[in-house]
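In the text below, chain A, chain B and the rest are named by the order of the sequence lines, each starting its count at 1.
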Amino acid sequence: MLRYTLRRLLGAIPTVLLVIVLAFVLVRAAPGGPFDDERALSPEIEANIARYYNLDEPLPVQFFRYLGGVVQGDLGPSYRYRDSTVSGLIADALPISLRIGGMAMLLAIVAGVGIGIVAALRQNSALDRGVMAFAMLGISVPVFVFAPVFVLLLSVKLQWLPAGWSSTPGLSKYVLPVVSLALPQIAYIARLSRASLIDVLSSDFVRTARAQGLSQASIIRYHALKPAMLPVLSYMGPAIAVVLTGSVVIEEIFGIPGVGQFFVRGAMNRDYTLVLGIVIFYAVLIVLLNLIVDLLYGLIDPRIRNR
Amino acid sequence: MSFFRRPLVLVCLLAAVALAFILYPRLGDQPDLPVDAVVLDRALSSDPESLDPQRARSTQAADVLRDLGEGLAGYSATGELIPAGAVSWTAADDGLSYRFNLRQDARWSNGDSVTAGDYVLGLKRLVDPATAAFYAGQLGAVLNAEAILKGDMPRDALGVEAIDEHTLEIRLERPTPYLVALLTHPSTFPVNAKSLDESGELMTEPGRLVSNGAYVLDQRTANSVVQLRRNENYWNNANTAIDVVRHHVITEEMAELNRFRAGELHITSNVPPDAFEQLKQEYADELRVYPYLGVYYYGFNLTKPPFQDDLPLRQALSMAIDRETLVEKIIGRGELPAYSWVPPGIENYEPAQFSYASLTQSERNSIARSLYAQAGYSEENPLRFELRYNTSDTQQRIALAVQSMWKDVLGAEVTLINEEFQVMLANIREREITQAFRSSWIGDFNDAQNFLGVLEPGAPSNMPGYDNQEYLELLRNASSNMDLERRSLLLKEAERVMLADHPVVPLYFYVSKHLVSTDVMGWGDNLLDYHYSQHLSLKTAE
């Protein structure tokens, strides 16, 4: 398994490199520069700023200078957040995104799988229908609709929870963002695990187990749940990537200083180094998460492990 | 491996990981506030990109810097120019040098005395090419500043000198009647030499930043909050009422409004356009709308047909726009229709106006139609051109309205093109495909020159490519004239000449819009929209 892991990691290097090259070319091809403004700069000032950031060098020179920095873990200075480096910005924002994302994912798994199991066991009952209708709503109503509704209800009207991140040092500020972020995931995971568990419960080995007189509880716990979780697990990889790195919309609505904002802002501001830094970060993250999910697959399903 | 066989174990593991995140000590989190502190919560519409006075650019950064630092002069709550770091100043008779007497009791937050040398350092740092300052042009009138900026002279050649510990002299290339107003801008703030030496580029970090204003930096999180606390060493600390100021970064207007409604903000930076009518009822006492030093305009590319050398056409397009309808029905937040380039309320200045400002709109329309015909266009041969604006609801609403006014009055066929802001700016600058565009100018200081200079031939801000030697001559004469009345007349004549040429179509003058909690005392509406936290206080809760 160690060799497999190493092979996968080495194989990822050319992928990440290609991503860097593409991102560099694309971000530079976009019209406009990081320092353009309605308040146009005089040519001398513009030249001084370009020199300060080495933007007066030929593009290939800039590229290799940048790559040299990346290899040493230096993602360069941000052009917009002028007091910070890109590495520093990501290092500050990442823990916040991870914390919110981690909490949301945990909530999504526990609640989603729980609801899924309950619904599967009471298949076609009123409860099942109600829960699944609710899940459908959770999937189809976008975050930017229900998050502001939460804010209006719980922050503005009832004043139970803060509407903005920076208003309180306490933990109460996590509740709304985490719930908003988790809700669509809960809904999706619930539907996924319900369908999957129903499928497994009607399979031969469960019928055999039942024929041997095992209780429903132990059938589910020892036999049915694990295979039923496979589709959920494979959904988890991309879901974690999305949730952990923060949803841009959630960050915007609650004013959370996470990494998601940097992607949009960086691109709009033509903050070249910030865009590249975030792209590299995402590329590495997705490569790693895919690897972890594949390894977990092996742990859960012996057939894959022994392949 | 059997360890992982039970899904329950896996779930517990995940739970443990998540708990670790929750309990992990305060990563990027703000510290608790001191008990009993008077806290002011105010909003910034974007992240203040730098707290280094010489390297900052945005108005949001300037808002924070005015709390942290202090220049030679400042503004009162209602916008009058007042002494700050200097107690008094005198200009030489020829207007070519100024002497500032600094406040003896001014202290940095680290206890050092604020000296003339600190101001000299700040000003030299501003024009030094190595600083890469955006506002380096601010000192253009100071002796040798332009040569230093170009790299032709060392920064020590700048015409600023510390005569003694508390006397500063600034020598100029040409008289600049608005020099003192320039010196209120954060880019001209002094720099603590010791802090710059010790911390270098890190000098803006909390704990390192040494400031000479009413507040010191307590904590800062990008895209979230800049927290300031009282500077115990500030000379006017006894009169500072607020202990802690939190500048919250809130980019989304609705989110900002919700936080105000939830009682989390005392002052908003803006008001959402869609909620304006409702807020007028709901928050009649809190809503503050006041004229602002900004003009919103449509510009023509004067270097290419159809607008090059076609004055009747440009004038026809300007006259056909019903500005009253535009500000009342389309924008509707108290903006003023613009018939001049310089906003009303500027000190020592009465703006010139379009010759047709006093006509009714239907009179303007009929003249516009004949000018349009004179330019060679008709129903069979309508004018066709593209108008570029940056993607945003407000821009689009205005563009649609103007497009239909041009269609109704003249029959012109205008194609609207919305572009991302940076793309639009690049296109305007290139002057290749751009025909007409939307833009705006927000004043840096309260002087007509700051607006009229925008369209000075050769200036980078002159986006239409306007070129009129008479205008240039009038501006030059005005800028070197120390007689304020004479200067004002020259500037007005310049504005009249420029307006008659119609390089731009000013549409309206901006207003500043805030929701200010009734708990906030000492708030003053002013043209510059500067609201120093040190002027404010909160009604104490009983």
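- Looking at B:Asn258, the atoms closer than 4.5 Å to chain A (heavy atoms on both sides) sit in the backbone and in the side chain alike.
- Put simply, of B:Glu430, B:Arg429, B:Glu201, the one with the most heavy-atom pairs under 4.5 Å next to chain A is B:Arg429.
- Looking at B:Ala61, neither its backbone nor its side chain comes within 4.5 Å of chain A, counting heavy atoms on both sides.
- Both the backbone and the side chain of B:Leu149 come within contact range of chain A, with heavy atoms under 4.5 Å apart.
- Taken to the nearest 0.5 Å, the CZ atom of A:Phe254 stands 7.0 Å off from the OG atom of A:Ser155.
- Side-chain contact annotation: A:Arg99 with A:Tyr174, donor-acceptor N/O pair under 3.5 Å present.
- Only the side chain of A:Gln159 comes within contact range of chain B, with at least one heavy atom under 4.5 Å from a heavy atom of that chain.
- Using a 4.5 Å cut-off between heavy atoms, B:Phe134 touches chain A through backbone and side chain atoms alike.
- Judged purely by distance below 3.5 Å, without hydrogens or angles, the side chains of B:Thr251 and A:Arg265 pair a donor atom with an acceptor atom.
- Options B:Val249, B:Asn462, B:Asp47, B:Leu265 differ in how many heavy-atom pairs under 4.5 Å they form with chain A, and the most are formed by B:Asp47.
- Looking at B:Ala459, there are no atoms closer than 4.5 Å to chain A (heavy atoms on both sides), in backbone or side chain.
- Looking at B:Asn223 and A:Tyr81, their side chains do bring a donor and an acceptor atom within 3.5 Å of each other.
- The contact between B:Leu51 and chain A is made by backbone and side chain atoms together, counting heavy-atom distances below 4.5 Å.
- Between the side chains of A:Ser166 and B:Arg259, at least one donor N or O lies within less than 3.5 Å of an accepting N or O.
- In terms of non-hydrogen atom pairs under 4.5 Å with chain A, the most contact-rich of B:Glu146, B:Met254, B:Lys150, B:Arg57 is B:Arg57.
- For chain A, the nearby part of B:Thr131 is the backbone; its heavy atoms alone come within less than 4.5 Å.
- Put simply, the side chain of B:Ser199 never gets that close to the backbone of B:Leu202: no donor and acceptor are under 3.5 Å apart.
- In the model, B:Gln54 has a side-chain atom that pairs as donor or acceptor with a side-chain atom of B:Arg125 under 3.5 Å.
- Closest heavy-atom contact between A:Leu41 and A:Phe35: CD1-O, 3.9 Å.
- Interface summary for chain A: among B:Phe260, B:Tyr135, B:Trp441, the most heavy-atom pairs under 4.5 angstrom belong to B:Trp441.
- Heavy-atom distances place both the backbone and the side chain of B:Ile442 under 4.5 Å from chain A.
- Top candidate by heavy-atom pairs under 4.5 Å with chain A, chosen from B:Ile250, B:Val423, B:Val127, is B:Val423.
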Legend entry - Test side-chain contact (heavy atoms from CB on, under 4.5 Å) applied to B:Arg220 and B:Leu209, step by step: CA-CA 11 Å; B:Arg220 181 181 181 194; B:Leu209 192 139; over 6 Å; no
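- Contacts of B:Met463 with chain A are made by side-chain atoms alone, with heavy-atom separations under 4.5 Å and no backbone atom involved.
- Top candidate by heavy-atom pairs under 4.5 Å with chain A, chosen from B:Ser439, B:Pro48, B:Ser461, is B:Ser439.
- In this structure, chain B has a heavy atom under 4.5 Å from the backbone of A:Ala267, while its side chain stays farther away.
- Of all the listed residues (A:Val156, A:Ile256, A:Asn269), the one sharing the greatest number of non-hydrogen pairs under 4.5 Å with chain B is A:Val156.
- No side-chain donor from either of B:Glu49 and A:Tyr79 sits under 3.5 Å from a side-chain acceptor of the other.
- The part of A:Leu152 that comes within reach of chain B is its side chain, from C-beta onward, which places non-hydrogen atoms under 4.5 angstrom from that chain.
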Legend entry - Evaluation steps, side-chain contact (heavy atoms from CB on, under 4.5 Å), between B:Leu228 and B:Leu217: CA-CA 5 Å; B:Leu228 315 177; B:Leu217 180 62; 3.9 Å; yes
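- The 12-atom threshold is exceeded at CD of B:Glu205, counting heavy atoms of other residues, nucleotides or ligands nearer than 6.0 Å.
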